[in-house]
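Report on the structure given below.
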Amino acid sequence: MLKTLSDLVPNVFLAMLLAAAAIMAFATVNALFLVWLERKVSARMQRRYGPTVVGPFGMFQTLVDVVKLLSKQLISPKDIDKPLYHLAPIVVFVPVVLGLSLFPIDKSFALVDTNVGLVLVFAFAGMGFIAIFMAGWGSNNKYALLGAMRAVAQNIAYEIPLILAALAVTMIARSMRIADIVEAQGSFPYILVQPIGALIYYISAVAETNRAPFDIPEAESELVAGFHTEYSGMRFALFFLAEYTNMVIVSMVATSLFLGGYKGPLLPGPVWFFGKVYFLIFVMLWLRWTFPRLRFDQLMTFAWKVLIPLALANLLVTATVLKVMS
Amino acid sequence: MSDDSPQRSESLQRLYDDKLVVQAEVRDHAQGGFHESCIAAAAALPEIAAKLREDGFYLEMLTCLDRRQTGEEMALIYTFNRFDRAHRLRVESPIAAVAEWRGPAPAPLKGAAAKKKAEADKAKAEAAAARAAAGEPDPDPAAEGASIASVFRSADWYEREVYDMYGVTFAGHPDLKRILLPEDADFHALLKDFGRIDEAETTLDDQRPS
Amino acid sequence: MTSDLHKPGAALAAGTSADPWATPPADPDGETYYLNMGPQHPSMHGVLRLLLELRGEEIVKCEPIIGYAHRAHEKMAENRNYMMFLPNTSRVDYLSGMIYNIAYCQAVEKMLAIEVPERAEHIRVIVCELNRVSSHLLWFGTFLLDLGGITPFLYSFDDREQILSILDRVTGSRLTYCYGRFGGVTEDVDKKFLDETTAFLARLRGRMAEYHALVTDNVIFRSRCEGVGVIDRETAIEYGVTGPTLRAAGVPYDVRRAEPYGIYDRFEFDIPTASGADNLARYYVRVAEMEQSMRIIEQAIAKIPDGPIMPEKALKRFKPDVGEHYFAVESARGQFGIYIVSDGSDVPFRIKLRTPSFSNLACMPDVLRGTMVADTIAILGSIDIVLPEVDR
Amino acid sequence: MSADTSLVAPGAEKKRGYLALLVAGFFTLLSGMWVTLKNLFRKPVTLRYPRERPELSTAFRSAIDLVDFEELGSHDCVACMQCVNICPSFCIQVEGQKYDGVKRKRATKFLVDYALCSVCGLCIDVCPTETLKYSKIYDEVSFERDAFVFDLLEPFVEREEAFLEGQRIADAKEAEEKKKKAEAAKKAKAAVAAKKKADGGEEAEKAEKPKAEKPKAAKPKAEAPKAEAPKAEAPRADEPKAEAEAEAPKAEADAPKAEADAPKADEPKAGKVDKAAVEAKPAEPKPKAAFAKPDSDAKAASLARIEAAKKRALEKKKQAEQQAEGEGE
């Protein structure tokens, strides 16, 4: 039987505290690890060494960088929209932390278990771009504003195929509880049933996290650094943290929906779960360091003219097949 | 000029026949890199450029020569070329001095150099006299150039550069302003009497922490 | 479209504002706004400043503002004797410095009618073409970088680094070469240099397959390039555009063929052209050009004779006759012309450097109109300008 | 998928349907990913610089240095000023002096401002004694520009006395031999040659030899021949005029050894004609300094700067030493 944190720790407040601590710790460590991984993978793909000096394989390099970022002076430009500018890094971070708590990492454990888990995840994920828009608008910088506008348009466009693809899975599993969906994938993961849906989901997920080749909100070759052009020091680090945590969340969703979550032979559940999650993240890194960036209008075209019709068709076919089979 | 000179190209001949250019001569490409050369009054250049454009020429380069030190007029040097075959046409256009010469007088030539110069001057004067006799006087130096930016848009930047560096203005230029030097510069850097490199160097030295 | 006040510097001229760099006010109907791209921007090639008037992401008007890297090379030329101008030449365009350096030597040689030994001529061809390949490789990398692809950039730099090392072995420098001398070159090449060059050519040919798989065929890359930034034949004539940008418009104009200099008339090579006149066409022309350069290098290596690398009597101090000379070469970016006017002294009266990037950049306002911000960078990258060369 | 090296010219592709394009495009993406994946497992090509150092190429160019000739036991700079004159960056400063009993001039000062140098190698090309070479330094770092003013004579200072002594003996020997060989005929010839080649570059130097040698070889102490030598040199430099002529012998006569003025007076004499011309111009009354010959002014400024920088560096060094001493006590 699936156990949640509230089952293990009877005191509600204590449970909340514990959950928050666990998630924060995970998010931070995970971001540290992912940044290192990104640097290492990108380096090796480009036939460089990447970080090698601090720690084994340079693993503590990011830790040192965080210390550097923490110690940096926080620079705020003139004429910014102060509340928005200062709130944005926090707002971008909150929803991703919330989203992390909803995934069963093993047959018997999830931090929080609700019957609308999937809806919650997408709801939280959708809040991310509000923060990006706040950052872009508040910075009083045209590059940031352009980046923010792009981010909003992009997020809206890609949320649709993302949810449509997930919807097909919920139709098969007949549940929105993530644990149920994982359980429903008996001996074979849903990627075999829903290959196109999985692909659409994954592409949209990459776009949702604003990563290359869909990283037009930051597009460093055009917009300097996009929406976080004017952020430095720890505020910038928070955006970074959010981006990497976001990657984990979308990968966790993908793992749970299409790859059978914690299921797998021999090894224990969490190993399978995190193994799959990090494999998907690796693919994201791989994509980023392989492809050039799409142009903004091409990105929108791709969403509206390719992904959404495909996702709709996929949903339709799934529904028809389900109807016929039942 | 005379008929015994090598055959001019059609384009140049046309310009010559239209009385737009004088001293239209064929040059040795292997020697100086120019196929043909001519002199034209500044005011005639838009028309020349338009005709050349029709013939498939493009504006390769435009620059200026500051020869005030020796008492000669300044000159705009246009070179046109073609994409289908190399045909470098040089058009020189005399321009009156933009400012009085402030530098030192030219050093008097000595020995062989003076002799050579005298010979060259003499030949030049003779040629000019011959042309004048044939009813083909060199055009007078114009007060300012005429912009050909409406014909070749590349001239836009070239003319701005010449204005920037030499102070030669161009009538009819859409937006004549400095291009390479700072907007608030009060000098024209390539004029021969602007040579204060040393000043810049000493300022640098003053700024150095000792 | 806008009042004069929006022009940079207009405010200063009118005496209305003390700050010429202040952002010009947006136009009254509020539809458009201004964006200053550069002079400090991650993907401006050098210190170009593009003053963009935008409607959303669409470019209404673009004005390139140059001069930030103006180093007065032409003024310096008038203050030094011919010899002392040599190190300046490779700094005009630091990415194909060898071609510029050798071109200046060739121009002066032509003025003085100096014979260059055969071996030196062959060496010049080899190093110049290597330099061209290295310039194109750098362009390849930075163009992809402009499009957001970072990995191809590092691959091409890896290859380019090989060329730099090869050239370093003979010239002693990696970027700003001062290898040419009037009449020849400074150092002789050895067998190892030739072998390394041959080996490199084989290596680069092998790498090309990877480049094509990674970049050329990539659907994202193609969609970013196809039909973007069209500079057709008419525009090229209008602006005097030369080099690969012109050849991408289907005009087979190459100075190496049109006015053969050095010993280029002895080599077999094609002039690659394309018809699209867009980013992809320029990409195609440059990549094909690398192959042609490799062909030339191979022929030169096969033919290189033994002998001296400098004329027997080296020039020391000389005074060319009064006269003017125009000498054009095909640099990696287009026609590079040197116009030298001599007044009979040992100091040039005037050296005008006709740099290809200057003309190629001039067409930007025309080409950029109606494109998107992201394309600005892509088009700029595909034209392959080197800003110091524009400003000189 | 697409390992073929041939490029498809733009526009040559066939137009394909929507889905076909989509699928084809997807596969091109995969082929790109395959490339990066392959490279993921290849060996990195980076050189980890401070720990791994590249092998410098034989032709590597860096700041110039003086060659330490084994047979001479020192450098062979004769302070001919050719490198100073050709340097486009005006970054070389040389002063030289004639020593009693040594036939050729000797550099007493050789400063190079590496911060200005563009390693073009023109100085190395013109050096008549081939005593200039490229050094191999490439990681010189400093917070001060003065640190890049190198004194190339530094390693030779201690050996200088010994070298001069050896040179005196060698020169004397050589002169003796020569003298023996062609005593009578040479005298007349040398006189004619010296007059004829009054303004030639290297010939002038050659011509210098017999004149300077002879008296020195005969009696190393003699005062009169010393005064003669500069006189013989003076007309060679067309333009330095009477001033230099008048000053030079004075300086030499007053103080045969290194004195502050001596090298300065020497310079225009030993320098080539062109050099003298360049130097002479600013002195002319007519042109304003700003217009006359900007280059010569820039050069003068540059040379002055190099000197000042060196002085500052020396002072700093001294201070540091004093400080260190003070601390030591």
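Below, read A as the first sequence line, B as the second, and so on, with proteins coming before strands; counting in each chain starts at 1. Because the structure is predicted, anything quoted here is derived from the model rather than measured.
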* **A:Gln194 versus A:Asn314, side-chain donor and acceptor atoms under 3.5 Å** =>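 Indeed, the side chains of A:Asn314 and A:Gln194 share at least one donor-acceptor pair under 3.5 Å.
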
* Spell out the residues in residues 120-127 of chain D that have some non-hydrogen atom less than 4.5 Å away from a non-hydrogen atom of chain A, in order of number; otherwise answer 'none'. =>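 Residues in range: none.
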
* Identified ring-ring contact (aromatic ring centres under 6.0 Å, His included) counterpart of A:Phe33 within the set A:Tyr278, A:Phe57, A:Phe282 ->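 Result for ring-ring contact (aromatic ring centres under 6.0 Å, His included) with A:Phe33: A:Tyr278.
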
* To do: Using a cut-off of under 4.5 Å on heavy-atom pairs, state which of A:Arg48, A:Gln46, A:Lys305 scores highest against chain D.
  =>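 Sorted descending by pairs with chain D, the first entry is A:Arg48.
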
* To do: Return each pair, listed once, that meets ring pair (Phe, Tyr, Trp, His ring centres under 6.0 Å) where at least one residue sits in residues 43-76 of chain D; pairs must be two or more places apart or across chains.
  =>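 Only D:His75-D:Phe156 qualify under ring pair (Phe, Tyr, Trp, His ring centres under 6.0 Å).
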
* To do: Could you tell me if the ring centre of A:Phe214 sits under 6.0 Å from that of A:Tyr158?
  =>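 Ring centroids of A:Phe214 and A:Tyr158 are less than 6.0 Å from each other.
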
What part of [X] gets within 4.5 angstrom of chain D, counting heavy atoms only: side chain, backbone, both, or neither?
X	result
A:Leu199	side chain
A:Ser42	neither
A:Phe291	side chain

* To do: Look at atom CH2 of D:Trp34 and say whether more than 12 heavy atoms of other residues, nucleotides or ligands are closer to it than 6.0 Å.
  =>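 It does not: D:Trp34 CH2 has 12 such atoms or fewer within range.
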
* **D:Glu52, CD atom: more than 12 neighbouring heavy atoms under 6.0 Å** =>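 Yes, CD of D:Glu52 has more than 12 neighbouring heavy atoms, counting only those of other groups under 6.0 Å.
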
* Asked: Donor-acceptor pair, D:Ser135 side chain versus D:Ala63 backbone, under 3.5 Å?
  ->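 Answer holds: yes.
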
* Would you find a donor on one side and an acceptor on the other, under 3.5 Å apart, between the side chain of D:Ser62 and the backbone of D:Ile137? ->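 Looks like yes, one N/O pair under 3.5 Å.
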
* Contacting region of D:Lys43 [heavy-atom separation from chain A under 4.5 Å] ->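 Both backbone and side chain.
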
